[in-house]
Amino acid sequence: VFSYTYLDSGGNPDTENTITRVFYGANDGMLHVVDDADGTEAWAFVPPDLLGSLKWMVEGVGHQIYVDASPKIYFHDVNNDGYIDRSTDQVILVFGERRGGTSYWALDVTDPDYPTVLWTINPGLAEFSELGESWSEPEFGKVKYGDPEETRHVLFIGGGYSEINTQGRAIYIVDVLTGQKLKEFSVAAGTATGMTASIPSSLTLIDANDNGFVDKAYVGDM
């Protein structure tokens, strides 16, 4: 559930027109968005990588699994005032597919009635080849990155689930605004040793010195 309060043309909070949307994934193959005011569906999004398997709801046997994970919202509030300035701020919804697939999707829902796809990542991309089923719900934070260092708004995800531990043996740090991989911790990337089991869990992020940047992350594996 996310409530939107925009700044009006004068730069003041338009509190009389706050709107609330409920976002949820379902095993009918869609991410649904519902207007909290009256319960009507505003729109739904079918991840393109699942389009080819929708027919199994009719032709298949048993319960089919599609958008099986919970979406998360990242509020990119540039001046941290708690309101959406349409000219500078972004509201980004990110979700995986859990048992339904291996992709993550990011939608720009700054205007919740007119969403756009920002990016997607999946194991078909060379830089994300270790991804398994996308079980790990994203956790958001900030890091210093590059030379010279700059602030990057990121998400942390585990590599995902694999029944026989042949995929998902990684942790990824991804720029939430662009989908760029900033860091991969894995044996394959040469940045971790002994990481031989898949990681479907969500991470817990720690800001040890309370300066607004992630210092440590804890996670469980298979």
Side-chain angles (χ1 to χ4, degrees), residues 1-4 19-74 91-109 111-125 128-140 155-172 174 176 179 197-204 219-222:
V1 180
F2 189 82
S3 295
Y4 294 68
I19 58 176
T20 303
R21 294 290 185 267
V22 179
F23 300 90
Y24 67 93
N27 285 327
D28 61 359
M30 291 180 272
L31 172 83
H32 295 274
V33 183
V34 172
D35 187 335
D36 185 61
D38 58 15
T40 60
E41 184 170 73
W43 50 270
F45 173 73
V46 180
D49 61 314
L50 300 182
L51 283 170
S53 59
L54 294 181
K55 65 179 182 179
W56 299 117
M57 281 188 282
V58 176
E59 299 179 15
V61 176
H63 177 64
Q64 303 299 313
I65 300 175
Y66 295 101
V67 187
D68 197 34
S70 297
K72 302 287 286 288
I73 286 281
Y74 184 69
V91 182
I92 300 171
L93 181 144
V94 182
F95 68 97
E97 296 164 348
R98 199 171 177 271
R99 195 70 172 182
T102 57
S103 298
Y104 284 91
W105 295 87
L107 307 182
D108 187 328
V109 292
D111 185 335
D113 293 323
Y114 296 93
T116 58
V117 176
L118 275 182
W119 51 261
T120 183
I121 59 175
N122 58 68
L125 302 171
F128 293 100
S129 61
E130 186 62 32
L131 276 176
E133 291 178 359
S134 48
W135 287 46
S136 183
E137 293 180 12
E139 295 295 331
F140 302 108
L155 61 86
F156 288 71
I157 50 173
Y161 177 70
S162 165
E163 187 172 352
I164 57 174
N165 291 312
T166 55
Q167 294 290 117
R169 303 159 298 186
I171 293 169
Y172 290 102
V174 181
V176 70
S198 64
I199 303 178
S201 308
S202 298
L203 286 80
T204 295
V219 70
D221 66 11
M222 291 294 291

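Numbers here are sequence positions counted from 1. For the numbers below, each heavy atom of this structure counts, side chains included, while hydrogens, waters and symmetry mates do not.
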Could you tell me the separation between the [atom1] atom of [X] and the [atom2] atom of [Y], rounded to the nearest 0.5 Å?
X      : Y      : atom1 : atom2 : answer
Asp108 : Thr116 : CG    : OG1   : 4.0 Å
Ser198 : Leu131 : OG    : CG    : 12.0 Å
Leu203 : Tyr172 : CG    : OH    : 13.0 Å

Considering all heavy atoms of both residues, which atom of [X] and which atom of [Y] are nearest to each other, and what is their separation?
X      : Y      : value
Ala44  : Met30  : CB-SD, 3.7 Å
Leu31  : Gly25  : CD1-N, 4.1 Å
Val219 : Ser202 : CG2-O, 3.8 Å
Glu133 : Arg98  : CB-O, 3.5 Å
Ile92  : Val176 : CD1-O, 3.8 Å
Thr102 : Glu97  : N-OE1, 3.3 Å

Legend entry - Residue pair Arg21, Asp113: steps toward the side-chain contact (heavy atoms from CB on, under 4.5 Å) verdict: CA-CA 10 Å; Arg21 294 290 185 267; Asp113 293 323; 3.0 Å; yes
Inset, instruction - Using a strict cut-off of less than 4.0 Å between a Lys/Arg side-chain nitrogen and an Asp/Glu carboxylate oxygen, indicate whether Glu139 and Lys72 qualify as a salt bridge. - result: yes
Flag the pair [X] / [Y] as yes when at least one side-chain heavy-atom distance between them is below 4.5 Å, and no otherwise.
X      : Y      : value
Pro200 : Ser136 : no
Pro112 : Val33  : no
Thr120 : Phe128 : no
Val67  : Phe45  : no
Val91  : Tyr4   : yes
Val94  : Trp119 : yes

Inset, instruction - Determine yes or no for a side-chain-to-main-chain donor-acceptor pair under 3.5 angstrom, with Gln167 supplying the side chain and Ser129 the backbone. - result: yes
Inset, instruction - Look only at the side chain of Tyr24 and the backbone of Val34, and say whether a donor-acceptor pair between them is shorter than 3.5 Å. - result: no
Legend entry - Given Leu155, Val174, Ile121, the one that forms side chain to side chain contact (heavy atoms under 4.5 Å, CB included) with Tyr104: Ile121
With a 3.5 Å cut-off and sequence neighbours excluded, list the donor-acceptor pairs that the side chains of residues 47-61 form with protein atoms.
from: Asp49; atom 1: OD1; to: Trp105; atom 2: NE1; distance (Å): 3.3
from: Asp49; atom 1: OD2; to: Ser103; atom 2: OG; distance (Å): 3.1
from: Ser53; atom 1: OG; to: Leu50; atom 2: O; distance (Å): 3.0

Legend entry - Parallel, tilted or perpendicular: ring planes of Trp43 versus Phe23, cut at 30 and 60 degrees: perpendicular
Legend entry - Residue pair Val46, Tyr66: steps toward the side-chain contact (heavy atoms from CB on, under 4.5 Å) verdict: CA-CA 9 Å; Val46 180; Tyr66 295 101; over 6 Å; no
Quick one: side chains of residues 156-164, donor-acceptor pairs under 3.5 Å with protein atoms, not counting sequence neighbours, listed by atom name and distance.
from: Ser162; atom 1: OG; to: Asn165; atom 2: N; distance (Å): 3.1
from: Ser162; atom 1: OG; to: Thr166; atom 2: N; distance (Å): 3.0
from: Ser162; atom 1: OG; to: Thr166; atom 2: OG1; distance (Å): 3.3

